[in-house]
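These numbers were taken from a predicted model, which means no experiment stands behind them.
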Amino acid sequence: MARYEAIQEIMESIEEELIICNIGFPSRELYEIDDRSKNFYMIGSMGLASSIGFGLAMARPHKDVVVIDGDGSLLMNMGSLVTVFANNPSNLTWIVIDNGAYGSTGNQDTYAQKIDLVDVAKGVGFKNSFDFKDINLKDVIRSDDASFVVYKTEPGNSDAPIIDLDPITIKERFMSSI
């Protein structure tokens, strides 16, 4: 399965949740699949979708927040894994699409091919750490603890077009929706 199909499947479980999406092709694919004002498309900040999602979850504890991240971005900001676990925002679901590659920069291999990210999250202490194929995402989103989910896909990018919104418009549209 490609990342595009994974994002389609993830969005089937999304209702009113706020989405923070990783930079590059994941954001472009989400924009094409299901553009909505409650989606925040990262532009130019690899590794920070989880930090932004964490901050949003802490600031808006009564809103469910879903981060759609990549394995390469997670590996660039492993500190956020510990920070999210230690603070345990019950309204945060962090989904890492693990394609074993830096998809937006040319599909170079990541070290995620050598480790099990679910086991890493469990090792940090996440009690809710799952492989996507083993769960009902709607149930996980509504759990009482922060959740970490890994969705394994094949490397590769779709032909999704570039997002035709500038960063200020993306920010203002998102802020108005929350």
Side-chain angles (χ1 to χ4, degrees), residues 1-43 48-54 56-57 60-74 80-81 84 89-101 103-104 107 110 112 116-118 121-122 126-165 170 173-178:
M1 174 180 287
R3 181 185 53 238
Y4 190 94
E5 287 83 18
I7 293 172
Q8 284 178 312
E9 190 170 355
I10 291 165
M11 293 308 290
E12 290 171 7
S13 296
I14 299 302
E15 295 170 6
E16 293 300 313
E17 293 82 9
L18 305 175
I19 305 291
I20 306 296
C21 191
N22 189 31
I23 68 163
F25 278 96
S27 279
R28 289 169 59 175
E29 292 167 351
L30 175 59
Y31 182 73
E32 182 176 70
I33 291 165
D34 189 5
D35 178 42
R36 50 188 209 126
S37 62
K38 292 182 180 186
N39 294 352
F40 184 79
Y41 306 107
M42 291 290 302
I43 297 179
L48 294 179
S50 58
S51 297
I52 292 170
F54 167 69
L56 183 61
R60 297 281 194 264
H62 300 293
K63 298 264 188 189
D64 288 323
V65 177
V66 175
V67 173
I68 299 175
D69 211 351
D71 55 305
S73 288
L74 167 64
S80 65
L81 195 59
V84 169
S90 62
N91 59 329
L92 179 66
T93 302
W94 184 357
I95 303 171
V96 175
I97 298 177
D98 179 3
N99 63 6
S104 293
N107 287 315
T110 69
D116 183 321
L117 295 175
V118 172
K122 285 179 181 176
F126 274 86
K127 133 172 115 169
N128 289 345
S129 182
F130 308 103
D131 186 308
F132 189 87
K133 70 180 185 304
D134 297 333
I135 61 163
N136 176 320
L137 184 58
K138 284 185 181 186
D139 292 340
V140 170
I141 289 171
R142 288 153 190 83
S143 70
D144 292 332
D145 291 292
S147 298
F148 182 86
V149 179
V150 175
Y151 197 132
K152 287 277 210 183
T153 67
E154 297 295 320
N157 300 317
S158 72
D159 292 329
I162 292 174
I163 297 170
D164 61 0
L165 304 172
I170 292 169
R173 183 176 87 146
F174 183 77
M175 288 176 68
S176 292
S177 76
I178 62 172

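One distance of note links CG of D145 with OG of S129; it measures 12.0 Å at 0.5 Å rounding. From S147, atom OG reaches atom NZ of K127 across 10.0 Å, with rounding to the nearest 0.5 Å. Between D34 atom CG and M11 atom CE the span is 4.0 Å, to the nearest 0.5 Å. Considering CD1 of I14 and CG of N39, their distance stands at 8.5 Å, rounded to 0.5 Å. How far NZ of K133 is from CE of M1: 12.0 Å, rounded to the nearest 0.5 Å. Between the CD1 atom of I163 and the CD1 atom of I170 there is a distance of 5.0 Å, given to the nearest 0.5 Å.
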Under the side-chain contact (heavy atoms from CB on, under 4.5 Å) criterion, do I20 and F174 qualify, and how do the steps go?
CA-CA 10 Å; I20 306 296; F174 183 77; 3.9 Å; yes
Check the pair I95, L137 against side-chain contact (heavy atoms from CB on, under 4.5 Å), reporting the backbone distance first and the verdict last.
CA-CA 10 Å; I95 303 171; L137 184 58; 3.9 Å; yes
Please report the C-alpha distance between I10 and I97 in whole Å, then the side-chain angles of each, then the deciding distance to 0.1 Å, and finally whether the side-chain contact (heavy atoms from CB on, under 4.5 Å) criterion is met.
CA-CA 10 Å; I10 291 165; I97 298 177; 4.2 Å; yes
Could you give me the CA-CA distance, side-chain angles and deciding distance for I19 and I68, then say whether side-chain contact (heavy atoms from CB on, under 4.5 Å) is met?
CA-CA 7 Å; I19 305 291; I68 299 175; 3.9 Å; yes
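No side-chain heavy atom of L18 sits under 4.5 Å from any side-chain heavy atom of D64. Using a 4.5 Å cut-off on side-chain heavy atoms (C-beta onward), F126 and V149 make no contact. Between I162 and D164, every side-chain heavy-atom pair lies at or beyond the 4.5 Å cut-off. Within the 4.5 Å cutoff, no side-chain heavy atoms of D131 are placed close to those of V150. At a threshold of 4.5 Å between non-hydrogen side-chain atoms, the residues R60 and V65 do not count as touching. Side-chain contact between W94 and L81: present, with at least one pair of heavy atoms (C-beta onward) separated by less than 4.5 Å. K138 has its side chain out of reach of I141: every pair of non-hydrogen atoms, C-beta onward, lies at least 4.5 Å apart. Side-chain atoms of P161 and E32, non-hydrogen and from C-beta on, do get closer than 4.5 Å to each other.
Annotation for L92 and A57: closest pair CB-CB, 4.0 Å, computed over non-hydrogen atoms. Across every non-hydrogen atom of A6 and T153, the tightest pair is CB-CG2, 3.7 Å. When all heavy atoms are compared, the tightest approach of L117 to F148 is O-CE2, 3.5 Å. Nearest heavy atoms, M42 versus I52: SD-CD1, 3.4 Å. Residues S27 and C21 come closest through the heavy atom pair OG-O, 3.3 Å.
Residues forming a side chain to side chain donor-acceptor pair (under 3.5 Å) with E9 (at least two apart in sequence, or on another chain): Y151. Remark: Y31 pairs with Y41 by the ring-ring contact (aromatic ring centres under 6.0 Å, His included) rule, at least two apart or across chains. With sequence neighbours left out, the ring-ring contact (aromatic ring centres under 6.0 Å, His included) criterion links Y4 to no other residue. Contacts of K122 classified as salt bridge (charged side-chain N to carboxylate O under 4.0 Å, His left out), with partners at least two apart in sequence or in another chain: none.
A donor-acceptor contact under 3.5 angstrom links the side chains of S143 and N128, judged on distance only. Using modelled atom types, one finds a donor on one side chain and an acceptor on the other under 3.5 Å when comparing S73 with N22. Side chain to side chain, R28 and N157 fail the donor-acceptor criterion of an N or O pair below 3.5 Å.
Without hydrogens or angle criteria, E29 side chain to S158 main chain gives a donor-acceptor distance under 3.5 Å.
Within a 6.0 Å sphere centred on CG of D134, other residues, nucleotides and ligands contribute more than 12 heavy atoms.
Salt bridge R173/D35: present, at least one basic N to carboxylate O contact under 4.0 Å.
Annotation: salt bridge (Lys or Arg N to Asp or Glu O under 4.0 Å) contacts involving residues 148-163, sequence neighbours excluded, comprise D98-K152. Screening residues 16-25 for salt bridge (Lys or Arg N to Asp or Glu O under 4.0 Å), with sequence neighbours left out, gives E16-K38, E17-R142.
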